[in-house]
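Heads up: the structure comes next, in structure tokens.
Note that this is a predicted model, so its numbers are computed, not measured. Here is the naming used below: chain letters follow the sequence lines, and residue numbers restart at 1 for every chain.
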Protein chains: 2
Amino acid sequence: MTLDRIDFELVQLLRKNARLPNKELAERAGIAPSTALERVRRLRQSGVLLGYHAEIAPIAIGIGLQAMVSVRLARHSRELLDSFHAHLQQLPEVLAFYHVAGADDFLVHVGVRDSAHLRDFALASFTERHEVAHIETKLIFEFRRNVELPTGPLDAPGLA
Amino acid sequence: MTLDRIDFELVQLLRKNARLPNKELAERAGIAPSTALERVRRLRQSGVLLGYHAEIAPIAIGIGLQAMVSVRLARHSRELLDSFHAHLQQLPEVLAFYHVAGADDFLVHVGVRDSAHLRDFALASFTERHEVAHIETKLIFEFRRNVELPTGPLDAPGLA
DNA sequence: GTTGAAATATAAGTATA
DNA sequence: TATACTTATATTTCAAC
């Protein structure tokens, strides 16, 4: 699906505030509320808008410590990869993960209570797994996400 | 602020779907709509709920390639750190960044059009900066975020 | 894009523990 | 005194035009 300027504006506004009322959304994008409603629905159905998520203060839900765990797999077989991939997705401590090229195969962003929790978790969920050859854990001092969109509509190919 | 089970339930529901209507939110949490409204407002004001953001398909906004750039600073002075930190926050290509302990100081998650864009961006925004001593760029095959909450209310200290 | 009915969010007032 | 519920009002959504 190709986005025009108005679609891009809607997406941008919802990225900053997913709970923006449709009326205000429409006004800021310079279109009628009904048009905004239909466009947003189309953007959802076409898979441009994937979902709406609340951002939560880590400390409030018991996350006192965050770390980035670099994981190197034992072999690069499809079977091992799929197995570890599935494992990652069911770990509550995993906030996000990156499957990357290079010596390390995964970068895993984890959120835990404290250092004791991190030690136990890293051991049980990474080191002791048969898929894993080696891990390296880095403490995260600060993590920040950018809610601004990285490109304008004219920068991207295939945008009207 | 300490969360009870209902607060935690509300936060969990809004994490999965930030646009869940208040009425349905209340029903699922087992409370009256007005109560849900007030609790959510308190959670926002107290800084537990930090915001609501739409998740967008990268390709739809012109991001054809993602990479993780490890950045090592020239020195560990407060001045250099603050300067680079501020720099990171104004780059449209930066999707997120981690300030970490270890040999590398920052892990920067970037989204770009293509490899040419990545090369130009890495050079201009990292390599050529006076704060930066060394960078290493890893291609990201896949990135996935976990929308489930990492802990239950009873696991976290200070929760009722 | 506009309008109006239905659904929903919000505020005020009331009860309850 | 806090928190939750009920009712009433305002806003928003959404479909027909």
Sequence-distant partners of B:Arg15, salt bridge (Lys or Arg N to Asp or Glu O under 4.0 Å), two or more places apart: none
Intermediate values then yes/no, salt bridge (charged side-chain N to carboxylate O under 4.0 Å, His left out), A:Arg119 and A:Asp114: CA-CA 9 Å; A:Arg119 171 174 44 80; A:Asp114 49 33; over 6 Å; no
Neighbours of DNA chain C within residues 14-24 of chain B, by heavy-atom distance under 4.0 Å: B:Pro21, B:Asn22, B:Lys23
Pairs where residues 39-77 of chain B contributes a residue and the test ring-ring contact (aromatic ring centres under 6.0 Å, His included) is met, not counting sequence neighbours: none
B:Arg42 vs B:Asp7 side-chain heavy atoms within contact, under 4.5 Å: no
Bracket string, DNA chain C, 5' to 3' - pairs by Watson-Crick or G-U geometry under 3.5 Å, | interstrand: |||||||||||||||.|
Listed partners of A:Glu131 passing salt bridge (Lys or Arg N to Asp or Glu O under 4.0 Å), at least two apart: A:Arg129
5' to 3' contact window, DNA chain C with chain A (heavy-atom distance under 4.0 Å): C:dG1 to C:dT2
Contacts of type salt bridge (Lys or Arg N to Asp or Glu O under 4.0 Å), residue A:Asp105, not counting sequence neighbours: none
Within residues 35-48 of chain A, residues whose heavy atoms come under 4.0 Å of DNA chain C: A:Thr35
Residue pairs passing the side chain to side chain donor-acceptor pair (under 3.5 Å) test where at least one lies in residues 20-34 of chain A, sequence neighbours excluded: A:Glu24-A:Arg28
Salt bridge (Lys or Arg N to Asp or Glu O under 4.0 Å) involving A:Asp120 - partner list, sequence neighbours excluded: none
Return all side-chain donor-acceptor pairs below 3.5 angstrom for residues 63-73 of chain B, not counting sequence neighbours, or 'none' if the list is empty.
| residue | atom | partner | partner atom | Å |
| --- | --- | --- | --- | --- |
| B:Gln66 | NE2 | B:His109 | NE2 | 2.6 |
| B:Arg72 | NE | B:Ala103 | O | 3.4 |
| B:Arg72 | NE | B:Asp104 | OD1 | 3.4 |
| B:Arg72 | NH2 | B:Asp104 | OD1 | 3.4 |

Non-neighbouring partners of B:His99 that pass ring pair (Phe, Tyr, Trp, His ring centres under 6.0 Å), sequence neighbours left out: A:Phe141, B:Phe106
More than 12 heavy atoms of other groups within 6.0 Å of A:Glu38 CD: no
Contact summary for A:Ser125 and A:His87, nearest pair of heavy atoms: O-NE2, 2.9 Å
